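Computed from a prediction, not measured in an experiment: that's the story for all the values here. These numbers come from the heavy atoms of this one structure, side chains and all, not from hydrogens, waters or symmetry mates.
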Amino acid sequence: MGGRIAEIATAVRSGEISATDLVAAAIDRAERSQPVLNAFTSIDGDGALERAAAIDHRIGAGEDPGSLTGVPIGLKDLIDQQGLPTTNGAAFTPTVPDRSAEVVRRLEAAGAAIIGRTGLHEFAYGFTSENEHFGPVRNPWDTDLSPGGSSGGSAAAVAAGIVPAAIGTDTGGSVRVPAALCGVVGLKVTHGRVSLAGVTPLAPSLDTVGPLAGTVADLAAVYGAIAGDDPGDPWSAPMPVLMPRHPADPATVRVGVPVQWNSAVIDSSTKAAFDEMLDLMAAAGATVEPVDEPSLAITEAAAGAASLEILLQHRERWSTQPERYGSEIADRLRGAEAVPDRYCVDVLAWDAGARHALGRLFTQFDVLATPTVGATRKVIGDPDIDIDGEAIFHRTVLSPYTWPVNRTGNPALALPITGSGAPPASMQLIGPRFGEAALLEVGLGLEDSGLIKVEQPPIFFG
């Protein structure tokens, strides 16, 4: 369960390496990667080195800076950092906050050093990170490919070895989709588990903040630093934060495969990889069973209601400065104006029914499994994805397996399926609400047993 982050923190505390040297190397990797990947909207070299020097000073004084001592981190550019512009990947005038987001304060309290702000889909409203204002973020597996979105810069920075972990946000899949397309691991937390204070909202009732990393152990390390109640955030839940104690033995894991959430668009190679992964888990002793739960069936209201909430967040800007939005986001906001108002009420029944159904299922199963996305190769500039010779609109391929989990509020892991392609296919494991510890234990068990492993892409700066 050590992971790279634990090794870094131990080495810095012991004096084997300085935080300053580690952070300087990460800044160098980020700067060298920019012409290739465009994973950052800005790199805070001076500020990061100042924080690293302060960490070294504390260690020299005999202090322990925390569980993330000296760890370089990338931060999605819609999360506030004191004194640095928050652009949201948009053309509007950036804000310069005088206070950092709660998640940033917790990262720094644990000894992390944020080296830069990572690129994203404009206002986090999309799944490609093909940004009209900052240029597209590119995938380390193939620079012609999208890294997914909206946290595409965070995923690309981790996959390319620039940082061991990065922070993203997830409203409908924006941590898990880029984790899948870049072949790394990502954690969507329970809604209310990590503070949203200081994070630009997309749809607050669905928004979450979570980590992307190169191992499940590293996900757990970052999760432990940022999770917990924040009285300053009305969405934050006063629930105890438990940490994974040990990797789960795959032979003890009960896996449900919900029919209603496994019937979306998927290409044949991704489907084959997912099925083979389930077979490997069963061969390792896991119980793997299909689940037919009618309350999970997707409705029009469930699929469309988020756009109404997003439109509400943008109402003032959209009504006064529509020309400042990129063409794709403008089209989506216009589409949201046509969504029936009744969806706001209709979706409440779906949310409750699905949430309660999952609660019952988690008395029988430890996790539920779906693919994370229907395919992992989305060409930059092409609105469609090739699904076995048929061109399918990218959101139809990238979003249907992830967004239902935001509506129910459950935590979920995106895990690469080793050896299944370039980028590899990805499996999503869903856990019970506020059950991150047990969910991470399952992920750690799969990692320790060798059933999952993050592979190095062709473009790598580590």
Side-chain angles (χ1 to χ4, degrees), residues 141 173 176-177 179-188 214-217 219 244 246-293 296 358 361-377 385 387-388 397-398 400-402 404-405 410-432 435 438-456:
W141 287 90
R176 291 159 291 159
V177 170
L181 268 59
C182 289
V184 297
V185 294
L187 174 65
K188 181 263 176 201
T215 68
V216 179
L219 277 187
H246 50 71
D249 181 350
T252 67
V253 177
R254 302 167 298 167
V255 183
V257 186
V259 173
Q260 285 76 13
W261 287 2
N262 274 277
S263 56
V265 172
I266 191 168
D267 68 22
S268 56
S269 62
T270 302
K271 180 67 164 62
F274 176 71
D275 289 345
E276 183 179 0
M277 186 65 193
L278 293 178
D279 289 344
L280 289 171
M281 293 173 71
T287 300
V288 180
E289 296 179 0
V291 177
D292 188 352
E293 175 46 70
L296 300 181
L358 291 183
L361 288 176
F362 284 121
T363 66
Q364 307 169 48
F365 299 101
D366 300 304
V367 293
L368 301 178
T370 74
T372 307
V373 293
T376 58
R377 296 184 65 85
I385 295 177
I387 302 295
D388 299 330
V397 179
L398 298 180
Y401 295 101
T402 55
V405 188
N410 292 67
L413 276 173
L415 302 170
I417 300 175
T418 309
S420 59
S426 178
M427 176 177 67
Q428 175 177 235
L429 294 182
I430 305 162
L439 178 62
L440 287 164
E441 287 179 350
V442 174
L444 287 165
L446 296 176
E447 189 168 74
D448 277 14
S449 67
L451 289 176
I452 67 157
K453 180 182 179 183
V454 170
E455 301 170 272
Q456 183 174 309

Task: Side chain to side chain, V265 and I385, heavy atoms closer than 4.5 Å - done: no
TODO: Please tell me if the side chains of L413 and V367 come closer than 4.5 Å, counting only heavy atoms from C-beta onward.
DONE: no
TODO: Output yes when a side-chain donor or acceptor of S420 lies under 3.5 Å from a complementary backbone atom of A425, and no otherwise.
DONE: yes
TODO: Check W261 against T370 and note the closest heavy-atom contact, atom names and distance.
DONE: O-CG2, 3.5 Å
Open item on the list: On a heavy-atom basis, which atom in N410 and which in F362 lie closest, and how many Å separate them?
Closed with: ND2-CE1, 3.6 Å
Open item on the list: Applying salt bridge (charged side-chain N to carboxylate O under 4.0 Å, His left out) as the test, list every pair that has at least one member in residues 266-281; sequence neighbours left out.
Closed with: K271-D275
Task: Smallest separation among heavy atoms of W141 and P424, with atom names - done: CZ2-CD, 3.7 Å
Task: Side-chain heavy atoms of Q364 within contact of V291, under 4.5 Å - done: no
Task: Candidates V184, L219, L429 - the one meeting side chain to side chain contact (heavy atoms under 4.5 Å, CB included) with L415 - done: L429
TODO: Provide the closest heavy-atom pair for V405 versus Q428 in the form atom of the first, atom of the second, distance.
DONE: CG2-OE1, 3.9 Å
TODO: Taking the side chain as every heavy atom from C-beta outward, state whether V257 and V288 have any atom pair closer than 4.5 Å.
DONE: yes
- [ ] Mark yes or no for whether E293, through its side chain, and L358, through its backbone, hold a donor-acceptor pair below 3.5 Å.
- [x] no
Open item on the list: With a 4.5 Å cut-off on side-chain heavy atoms, are Q260 and D292 touching?
Closed with: yes
Open item on the list: Keeping T376 on the side-chain end and L181 on the backbone end, is there a donor-acceptor pair under 3.5 Å?
Closed with: no
Task: Side chain to side chain, P423 and R377, heavy atoms closer than 4.5 Å - done: yes
TODO: First locate atom CG of D366, then atom CZ of R254, and finally report the distance between them rounded to the nearest 0.5 Å.
DONE: 4.5 Å
TODO: Check for a donor-acceptor pair, side chain of S426 on one end and backbone N or O of A414 on the other, with a separation under 3.5 Å.
DONE: no
- [ ] Working to the nearest 0.5 Å, report the span between OG of S263 and OH of Y401.
- [x] 7.0 Å
Open item on the list: Apply side chain to side chain contact (heavy atoms under 4.5 Å, CB included) to residues V216 and I452 and explain how you reach the verdict.
Closed with: CA-CA 10 Å; V216 179; I452 67 157; 4.0 Å; yes
Open item on the list: I need the I417 CD1 to E455 CD distance, nearest 0.5 Å.
Closed with: 11.0 Å
Open item on the list: Using side-chain heavy atoms (C-beta onward) and a distance below 4.5 Å, is K188 in contact with T402?
Closed with: no
TODO: For residues V255 and A369, report the shortest heavy-atom separation together with the two atoms involved.
DONE: CG1-CB, 3.8 Å
Task: Over all atoms of both residues, closest heavy-atom pair of L368 and P258 - done: CB-CD, 4.1 Å
